[in-house]
Number of protein chains: 2
Amino acid sequence: MAKRSITAQDVALHAGVSRAVVSRTLSNNGCVAKATRQKVLDAAHELGYQVNMLAQSLNRQRSMLIGVITSGQTDPYRSQLLEDLVRSIQAQNYQALLCDIQTHQDLATTLTKLTQFRVSGVIVTSGHPSAELVSECVKLNIPVVVINRSTQLPQVDEISSDNTQGAQLAINYLKKMGCQRLQFLGINNGTYSAQIRQTAWQRLEPTPPLLAPESSYEGGIAAARVALQGGLNFDGLWCANDLLACGFADCARFEFKLKLAQDFYLVGFDDIPSTHFVSYQLTTLRQNTRQIAALALSRLSERASAMTVEKRIDKVDVKLIIRNS
Amino acid sequence: MAKRSITAQDVALHAGVSRAVVSRTLSNNGCVAKATRQKVLDAAHELGYQVNMLAQSLNRQRSMLIGVITSGQTDPYRSQLLEDLVRSIQAQNYQALLCDIQTHQDLATTLTKLTQFRVSGVIVTSGHPSAELVSECVKLNIPVVVINRSTQLPQVDEISSDNTQGAQLAINYLKKMGCQRLQFLGINNGTYSAQIRQTAWQRLEPTPPLLAPESSYEGGIAAARVALQGGLNFDGLWCANDLLACGFADCARFEFKLKLAQDFYLVGFDDIPSTHFVSYQLTTLRQNTRQIAALALSRLSERASAMTVEKRIDKVDVKLIIRNS
DNA sequence: TTGAAAGCGCTAACAA
DNA sequence: TTGTTAGCGCTTTCAA
């Protein structure tokens with residue numbers, strides 16, 4: 001039943017040349033006479049030839065696949081990042097092998113899975129690859145880049161939003177709004193980004209941070225209940241992310257009858273869609289996910305050609321989006 | 001530099017057998033003596049052998065890859081569906097090849113890309129595959145399933161939420177809340193799902209639907225401005241999706257000072273996170289994305305073993321989530 | 001039960 | 001510039 005598909009051999013026959021010439025022509029590699037080249041191209045087109053990526057990859061010991069590792073957590077920011085990553089990958093003619101991991105163990109098995117496909121690179125947006133895993137990749141010449149997380153590993157490039165700059169922008173904004181007592185809302189045992197933002201904050205402001213029990217809308221509500229119980233003792237708040245900010249804002253407004261941009265100012269992080277809903281209009285910091293994605297691909301290809309180049313750490317600018325909080 | 005990785009040959013040598021035995025043992029295919037089997041397993045484990053998926057797939061003419069086609073549109077519902085799809089795929093030991101398409105043309109090139117990787121199946125969540133594309137897949141024995149869309153093609157299985165049931169649930173709810181003049185908010189030139197919901201609605205209620213200019217929060221606002229301008233002439237509204245519902249609700253509340261669950265009732269669709277925020281608390285219909293995903297994988301594997309089985313159309317139950325609207 | 005050998009479709013070194 | 005040849009690592013008849 002399953003019809004055999006058209007191979008380079010067929011094209012070679014049709015064009016009256018050898019398969020080697022076909023290969024050279026189609027991969028633009030090695031020299032072919034102009035006329036021959038055209039013959040091959042025509043034949044390939046006529047027959048509807050499609051190269052078999054499996055065979056090609058097997059031979060080249062490298063597939064046109066790039067592994068993208070994400071955690072189940074589907075918050076709007078992550079979705080946006082993923083979308084931009086996939087687009088960047090496809091723009092370079094690669095394809096995205098999407099791997100969802102739940103646990104640290106998953107990361108290990110996933111990374112070996114990816115090596116079995118001889119991926120051209122791995123982009124980690126969740127979890128922390130261990131040294132052995134990475135060295136395994138290095139051995140196989142597979143570059144690894146991590147996004148919004150750090151690692152000690154020397155061969156792994158890092159890309160993240162500039163959280164320090166973010167902290168500064170948030171503080172400047174709050175002060176400009178006249179706030180005198182600033183506060184930060186982080187997450188207990190939170191994500192790497194939340195921790196970094198907290199650290200960045202603490203370098204600039206001494207106030208001990210508020211901590212939400214979890215990184216979510218509900219976490220923001222819970223944090224607000226605790227924080228506002230004894231009265232409002234701050235007038236400017238920076239939240240580690242927008243979901244927290246929305247939760248905090250709602251609890252403050254509906255349970256404690258506080259008014260945003262009046263009783264206190266609030267800055268979020270991520271610029272997720274909800275923040276621009278009429279009922280929120282939250283001031284926030286927008287990450288440049290497109291640039292992060294583009295940079296990830298650049299780093300991957302740089303390291304592909306020179307596995308041992310020095311580790312690079314990129315900080316991508318964030319942008320303050322001023323709304324009504 | 002790049003160390004050659006361990007092959008079946010190495011394992012064979014180490015175990016003192018032929019590579020054929022190694023292959024049989026590891027793929028559980030053909031017979032191997034118990035003792036030999038153990039020897040091979042031990043050797044493989046000791047050497048840390050990992051099968052080369054490229055070689056295996058080339059030989060079997062089929063990779064452990066499943067193509068997932070999505071459109072750039074990252075609304076929360078789509079993200080959730082994607083996540084569930086990827087999990088289901090990984091649960092079956094396959095890997096997800098994620099392809100983002102923008103235009104109809106992209107679908108075509110993407111589908112041929114996928115065939116080049118000899119994927120074991122394709123899941124389409126966006127766009128409408130043409131007859132030729134599908135027949136190309138059929139020829140290569142690649143099953144195709146579409147989610148939340150329909151197609152005339154006989155070899156393509158369809159899975160979607162039961163929109164008719166959804167319409168009925170929404171209407172029942174609104175009537176139970178005492179609504180007398182029901183209305184539906186669809187989308188002008190909208191998604192397939194929105195159209196189906198509209199059709200389902202119209203079979204039950206004769207009222208001509210409202211139409212938003214686009215499928216988004218802003219679309220909902222725009223629709224509300226038009227609809228409410230001349231006064232409120234309905235008391236129960238069903239929106240094609242939650243983003244529209246949020247926009248409509250906000251415009252109604254903030255611009256027209258209407259009260260939800262008082263001046264009119266509103267039911268959404270999708271149960272996206274924003275709907276359960278304190279400031280919305282929208283009643284909505286939840287799609288069972290996990291079941292949709294699981295079903296997609298089932299259909300794919302069924303068709304894989306019998307390409308010509310009759311086309312199947314599955315409707316997955318939706319669930320009314322009653323909140324405060 | 002095991003091994004030898006052919007082949008999946010492609011690339012690349014080498015020779016012509 | 002072209003063709004020949006030897007693999008890439010695996011699976012799978014077919015004999016032994």
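- Distance CD (B:Q56) to P (D:dC8): 18 Å, rounded to an integer number of Å.
- One interatomic measurement links the two molecules: CE of B:M53 to P of C:dG9, which rounds to 18 Å at whole-angstrom precision.
- Rounding to whole angstrom units, CZ of residue A:R60 and C1' of C:dG9 are separated by 13 Å.
- No engagement by B:V22 is indicated, since no non-hydrogen atom pair under 4.0 Å with the nucleic acid exists.
- With respect to the salt-bridge test (charged N to carboxylate O, under 4.0 angstrom), the residues A:R299 and A:E158 do not qualify.
- Within a 6.0 Å sphere centred on OH of B:Y49, heavy atoms belonging to other residues, nucleotides or ligands number more than 12.
- The side chain of A:S18 contributes an N or O atom lying less than 4.0 Å from OP1 or OP2 of D:dG3.
- Contacts of B:A20 with the nucleic acid, taken as non-hydrogen atoms under 4.0 Å apart, include base atoms.
- For the residue pair B:S5 and A:R118, a side-chain donor N or O sits within less than 3.5 Å of a side-chain acceptor on the partner.
- In this structure, B:L58 atom CG and D:dT12 atom P are separated by 12 Å, rounded to whole Å.
- Within residues 9-17 of chain A, no residue places a heavy atom under 4.0 Å from DNA chain C.
- Rounded to a whole Å, the CG atom of B:N59 is 4 Å from the C1' atom of D:dT11.
- Between B:D157 and B:R303 there is a salt bridge, since a side-chain N of the basic residue sits under 4.0 Å from a carboxylate O of the acidic one.
- When rounded to the nearest whole Å, the span between CG of B:L140 and C1' of C:dG9 equals 14 Å.
- A side-chain donor from one of A:T289 and A:D84 sits under 3.5 Å from a side-chain acceptor of the other.
- Against DNA chain C, the stretch residues 23-48 of chain A makes heavy-atom approaches under 4.0 Å through A:S23, A:R24, A:N29.
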(message) Determine whether A:Q102 and B:R87 satisfy the following criterion, side-chain contact (heavy atoms from CB on, under 4.5 Å), listing intermediate values before the conclusion.
(response) CA-CA 10 Å; A:Q102 241 84 283; B:R87 293 218 178 138; 3.1 Å; yes

Which donor-acceptor pairs under 3.5 Å do the side chains of residues 33-43 of chain A make with protein atoms, sequence neighbours left out?
residue, atom, partner, partner atom, Å
A:R37, NH1, A:N28, OD1, 3.4
A:Q38, NE2, A:D42, OD1, 3.1

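- Checking A:N52 against A:Q56 by side-chain atom types alone, no donor-acceptor pair falls below 3.5 Å.
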(request) Determine, stepwise, if the pair A:I142 / A:R62 fulfils side-chain contact (heavy atoms from CB on, under 4.5 Å). (result) CA-CA 9 Å; A:I142 301 176; A:R62 188 140 275 34; 3.8 Å; yes

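- Separating the CD atom of B:Q61 from the P atom of D:dT11 is a distance of 13 Å, rounded to the nearest angstrom.
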